[in-house]
Structures are given as structure tokens and as C-alpha cells.
Asks: 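Have a look at this one.
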Amino acid sequence: MASASVLSPADVSAAKVAAAAPMGDIMPPVKARHGLWGFIYRNPTIAIGGGIVLLMVIMAVFAPLFWTVDPTALAPARRTREPSAEYWFGTDMLGRDVYSRVIYGARVSLIVGFSVAICASIIGLTIGLVSGFVRWADSIVMRVMDGMMSIPPILLAIALMALTRGSVQNVIIAITIAEVPRVSRLVRGVVLSLREQPYVDAAVAAGTRTPVIIWRHILPNTIAPMTVQATFICASAMITESILSFIGAGTPPIIPSWGNIMAEGRALWQVKPYIVFFPAVFLSITVLAVNMLGDGLRDTLDPRMAKRI
Amino acid sequence: MFAYVVRRVLATIPVMAVVALFVFSLLYIAPGDPAAVIAGDQATPEDVERIRASLGLDRPYLVRFGAWVFDILRGDLGVSIFTNLPVSLMIKQRLEPTLSLMVVTLILAVSIAVPMGVIAAARVGTFVDKFVMAFAVLGFSVPVFVVGYLLAYVFALELEWLPVQGYTPFSEGFFPWIENLILPAVALGSVYIALIARITRASMLEVLQQDYIRTARAKGAGQRSILFLHALKNAAVPIVTVIGIGIALLIGGAVVTESVFAIPGLGRLTVDAILRRDYPVIQGVVLLFSFTYVLVNLLIDILYTLFDPRIRY
């Protein structure tokens, strides 16, 4: 009862008089929030970002159910119609329904974003772990990574795409290669600082073999920064994909992607700006949501990193 | 100091070697046989073989790499498959617009982003701070060409304040030149501003907690002089680092921005080269951009020692 000490004797006696009545609240009750609503209340950024991403995923997976028509169906008679009740987002220069193309386009962006995030994380984690533990490999691997990092990532992805034909798979590979050096650097930094931790010394002293140390003590501690990083990779991969498609070095024109739709609307954008506008809005909102998710995850999972940036 | 500079310069050599090896391999593994292209449709296999030998394409990988590096050191970047012009000449013709765009963007971004970050840090937690942070997340999320189209639509098509597209050389006067560069520079700068503002805020927040800031306040220094003289100077190193690293964003973004605003620069050259599979040009541009990026960051690393005499390696 720390609060009682500040009360004067008169108050105390007054309180005794009213002993039967409960004491007034000194602090308002802390309302414990559990479950989904509690989580949303405590982490609004994760909730909003994650919610929008979830919505986009549902939209992409169940694209045919969202009142879409065939996104590749040509209709030369109905070219470049303005947005209307029949064509919500209008039609493009080949008469295709822009609304359907935008909804289906979510598939490419999300597949590329998620795949690159997963692939780059796994490859970067492996390279980072190896160079954090194997001394002789470290200097060689890190020089190679430094070299690759000095090629601007978008330029690197563009150059790689020039070697192959445009396909979703090749776009994923090219962006992954461009993202891996940064992830490796991050993981290596985390590994090097973890190696200095007393519990790793203790494990070494207890005779634990290196693979077990990596599996038990190092890897679990890289999960949090890696998850945060993977979200940001996902966002940047989506932007890179749209840039590649926009300049004509990405997904083939037959597959609608947000970058593709904008590339096709480019020639007409001064007279028919809506063809560029709708995919641009969807792309921006999705990337914004993924970035919000990443910011929220960083604040929750890795408060030290949150303080730094 | 001198030893540090020498060591730092030497450290960039392996980095540049990796870049060169990568860029060379690009052409080496590129599909299509340049000898067959040059020989034409009517050539016999013997003709193709002869041209291949005359181009030195029959030599082993490392020998070709060595010869290629030697050519580059002499300023010879090869010949475009498409136009038959030397790549170095094509780059030289396209250099001015890109350089102009980059310099204008850099000046614009730094002069907007740094004060933004400083003010956000000074008023941490307030509406101003939240606005700056929201702007930063938005800047990261909206792709450069989306910003470009939006700006062009509002300020060029609707309001007609600025030209929609194109580029005017600097030699035709400052105002026609800058008029064409404002919109592309703002579009290209959006991510860059977000990045710099965020780092400035973080770096300033850390510095503002230091004892010497309290001392400065105690002796009665004004808020402005504390922020911009005492604090910003000490917060400069991470900010300048990010300005250097962020140039990679500018280079990548320039490729797209030039397409949106029809600026005949290196970015357009890159896009055209990709679509035509003109590998020598792609090689030349990637090499030029990467080496510029490495050299700028080398310069920044060396400048550190001037900003912060405590840094000694």
C-alpha cells in the first residue's frame, strides 16, 4: 500500500469511517485485452499492414470470384473506354478490361514479392552463417558480396534479365540474386555479434559441436532480424518487379502484372491516364502495406534495431 | 591519415575486380554468337570461325577477360551490336542529361530531407514528426514512376506550370534546363528524401541525448544553433553514409525516370539496349554506373576523416 503513506492522518481516519466502502481507484483499472482485438490494439501497424496484405492475397488467389472477366480477352471494338459501370477501371488499347487485369496482376506482384523474400532469406542466411563461422571463406565471400553490392540492385536485375527471356521465374531469380548480398551482410553481422555472447562461449566450453551451436544458439537468434528483413525484401522486390515489367524486361506481356499494365498504358497516359492510374494505386498500397508490416514487426521483434533506424 | 587513404583506395580494387568479372561474364554467357551476327545469314561455318578467331572469341575465358580489362583501361568499351558505334561514344553523348538529373536530384533531396529529419527529431512525437515519418514510409512505398506520372499529370498536364517531358541541354540556358528537370528530380528524389530524412531523424535523436547538447542548452545557445551547429555536425557521419549508399537508388531510379519523362540519358540508353539485347552497351553502362558508385562511396569514406577526426583506422 504505497499510496497510504502519502495520506494525512485525517484521511486515514476518514477512510476508517468508510471502511465498509471500497477505496476509490487510485489508478484506472488496466483493461487486459486478449485475443485478436488486443493484438490489433497493441500493434496497429502490423494489423493494418497485415490486413491489407491478407486482402490482396485473397484477391489474388480468388481473382475469378471478384467479378472479373478473362484478363487477356481482346475486344478491338471496345478500346480505351473510360471507367464506367460496365468497365470499372475502363479498357486498355486492346479492349481488355483493366479491372480484371489489375486484380489478376496482384498474383504476379505477390508471387514475386513472397518468392524473392523466401529465396533471398534462405540463401542469404546460408551464406551469412558460413562466412560468419568459416574464417577463410569469410574474406572471399564478403569481397564477392561487396562487388555485387556495388552494382545498383535494379541495374543488376536488369542486366540479368537481359540474359534470359522474360518469365515470372526468371524475374524471381534475377531479383533474388540482386537482394542476396545485402541479406548475407546482415546475417554475417548478426552471427559475428552472437558469437561473442557468453552463452556461445559456454556452449563451446561444454564441448558442443559447431553445427549444434549454429542450430541451437545462432540460428534461432537470427530469426527475428531475418523476418523483418524479409518483409522489406518483399516490398522492394515488388517495386523492382514492376520496374522490370515497366521497362519491358520483366514478365512477358501475356501475363498481366501491375508493371505490365502500366507499360502498356504508357503510350496513352496523357489522354487516358486511368490505365496507368489503377495499377499504380494497387501497387503503391500493397507495397505500403508490406512496409507497414515490416515496420511493425521491427518494433515488436527487434526493439534495438527500431531504436537505431 | 595518408596510410588510411591508401589502404582504403587499395581495398576498392578487389571490389572493382568482382564488378568487372561479373560484367564481363555477362557478355560471355549471353545467348547468341556475335561472330555469327557479324558474318550474316549467307556465311559458311568457316567464315564464322574465321571472324571468331579475328575477334579473339576462340581464346580461353581468362585470356579474353584480361584483354577486355586492358581495353577498358584504355577507354575502349567495345562496339554496339546495334548501331556499330563505339560504346564509349554512345555513353558520352548520353552523359549530360543523366548527370544533370542526378546532380539536381541530389541537391534537391539533401536540401529537403536533412532539414526535414532535423525538425522531426527536434519535435519528436509531435504531429510534425509523425508527418515526416509517414512521408518517409510513403516515399519508400510509391515506386518512382508512379510519383513521376502523378507529378507530370498534376503539374504539367493540369496546371501547365512545367513541361511534360523532354530535356534541354545546359548550354541553352539555366532556366530551360532546370524547368525540364524539376519534375523528374522530385520523382526520382522521393525515395532518396525518405531515406535521408529517416536516417537524419534517427541520427539526430541519438545526438540530442548527449551531454554536450545539454551543456549547450545550459549556456543559453539558441535552439537553431543547437540543432544545426552542435547536433547536426555530430550526426553527420551516418547521414553522409546514407547519401552515398542511396546513390544506388538514384541510379536504378534514373533508368525508369528517364523513360517516364523522355529524357535522352544513360537510363534510356540502358532500356533501349536491354530491349535490343545490345550486350556491349549494357556492359558499358553497368560498368560505368557501378564504378561511379564505388568511387563516390570511396570519396565519402575519405571525407569522413575530415568530418570526424575521431575516425582512425
Side-chain angles (χ1 to χ4, degrees), chain A residues 45 139-140 143-165 178 232 235-236 238-240 242-244 246-249 258-259 262-263 265-266 269-271 273 276-277 279-281 283-292 294-295 307-309, chain B residues 11-12 14-23 26 29-31 137-138 140-146 149-150 152-153 156-157 164-165 191 198-199 202 205-206 247-253 255-256 259-260 267 270-271 273-275 277-279 282-283 285-287 289-291 293-294 297:
Chain A
T45 335
S139 52
I140 301 170
R143 286 296 83 73
V144 173
M145 291 300 148
D146 281 347
M148 282 176 70
M149 263 159 87
S150 56
I151 304 174
I154 292 175
L155 208 58
L156 182 56
I158 290 176
L160 290 170
M161 285 311 292
L163 291 178
T164 52
R165 54 192 182 77
F232 291 132
S236 105
M238 284 176 177
I239 290 187
T240 311
S242 72
I243 287 177
L244 288 176
F246 181 73
I247 64 173
W258 291 334
M262 281 186 265
R266 215 166 105 188
W269 81 271
Q270 295 192 21
V271 276
V276 173
F277 175 76
V281 167
L283 175 64
S284 304
I285 289 177
T286 311
V287 178
L288 183 68
V290 176
N291 273 330
M292 282 172 74
D295 278 345
K307 219 180 131 194
R308 246 186 294 138
I309 301 223
Chain B
T12 58
V15 170
M16 288 195 175
V18 170
V19 175
L21 201 63
F22 176 83
V23 172
L26 205 63
I29 58 176
V137 179
L138 208 64
F140 278 122
S141 307
V142 184
V144 54
F145 51 105
V146 174
Y149 277 126
L150 199 67
Y153 186 77
L157 283 185
V164 183
Q165 286 177 325
V191 191
R198 216 162 146 157
I199 280 291
L205 279 181
E206 207 162 313
I247 287 176
L249 287 176
L250 284 192
I251 292 170
V255 175
V256 190
S259 293
V260 172
T270 315
V271 173
I274 299 283
L275 298 180
R277 312 266 143 157
D278 197 342
Y279 295 104
I282 299 173
Q283 267 189 330
V285 176
V286 173
L287 207 62
F289 274 138
S290 307
F291 278 9
Y293 180 53
V294 172
N297 280 293

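The model shown is predicted, which means the values in this text are computed figures rather than measured ones. A note on names: the letters A, B, ... follow the listed sequences, proteins ahead of strands, and every chain is numbered from 1.
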Asks: Just so I understand: if I count every heavy-atom pair under 4.5 Å between each of A:A159, A:A157, A:S236, A:P153 and chain B, which residue has the most?
Replies: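 The candidate making the most pairs under 4.5 Å is A:A159.
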
Asks: Identify which part of A:L156 has an atom lying under 4.5 Å from any heavy atom of chain B, answering side chain, backbone, both or neither.
Replies: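 Answer is side chain: those atoms of A:L156 sit under 4.5 Å from chain B.
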
Asks: Among pairs that include at least one residue of residues 152-161 of chain A, which meet salt bridge (Lys or Arg N to Asp or Glu O under 4.0 Å), considering only residues two or more places apart or in two chains?
Replies: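 The answer is none; no pair qualifies.
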
Asks: What pair of heavy atoms forms the shortest contact from A:I154 to B:G252, and how long is it?
Replies: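 Smallest interatomic distance, heavy atoms only, reads CB-CA, 3.9 Å.
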
Asks: Do B:V286 and A:I151 have side-chain heavy atoms sitting under 4.5 Å apart?
Replies: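 Side chain of B:V286 against side chain of A:I151, heavy atoms only: contact under 4.5 Å found.
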
Asks: Could you go through A:L163 and B:Y279, starting from their C-alpha distance and side-chain angles, then the distance that decides it, and tell me whether this counts as side chain to side chain contact (heavy atoms under 4.5 Å, CB included)?
Replies: CA-CA 9 Å; A:L163 291 178; B:Y279 295 104; 4.1 Å; yes

Asks: Is B:T12 close to chain A through its backbone or its side chain, or both, or neither, when contacts mean heavy atoms under 4.5 Å?
Replies: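 No part of B:T12 comes within 4.5 Å of chain A.
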
Asks: Taking the side chain as every heavy atom from C-beta outward, state whether A:I158 and B:V255 have any pair of such atoms under 4.5 Å apart.
Replies: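 A:I158 reaches B:V255 side chain to side chain.
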
Asks: Answer whether the closest heavy-atom distance between the side chains of B:V260 and A:F246 falls below 4.5 Å.
Replies: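 The answer is yes, as the side chains (C-beta and beyond) meet within the 4.5 Å cut-off.
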
Asks: Given a strict heavy-atom distance threshold of 4.5 Å, which part of B:V271 is in contact with chain A: side chain, backbone, both, or neither?
Replies: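 Interface part for B:V271: side chain.
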
Asks: Go through the atoms of B:L138 and report whether side chain, backbone, both or neither lie under 4.5 Å from a heavy atom of chain A.
Replies: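 For B:L138, the contact with chain A is made by backbone and side chain together.
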
Asks: Checking A:M238 against chain B: side chain, backbone, both or neither under 4.5 Å from a heavy atom?
Replies: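 Contact with chain B involves no heavy atom of A:M238 at all.
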
Asks: Would you say that A:L160 contacts B:F22 through its side chain, given a criterion of any heavy-atom pair below 4.5 Å between the two side chains?
Replies: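 Yes, close enough: below the 4.5 Å cut-off.
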
Asks: So which part of B:Y293 gets closer than 4.5 Å to some heavy atom of chain A, the side chain, the backbone, both or neither?
Replies: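 Contact with chain A is through the side chain of B:Y293 alone.
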
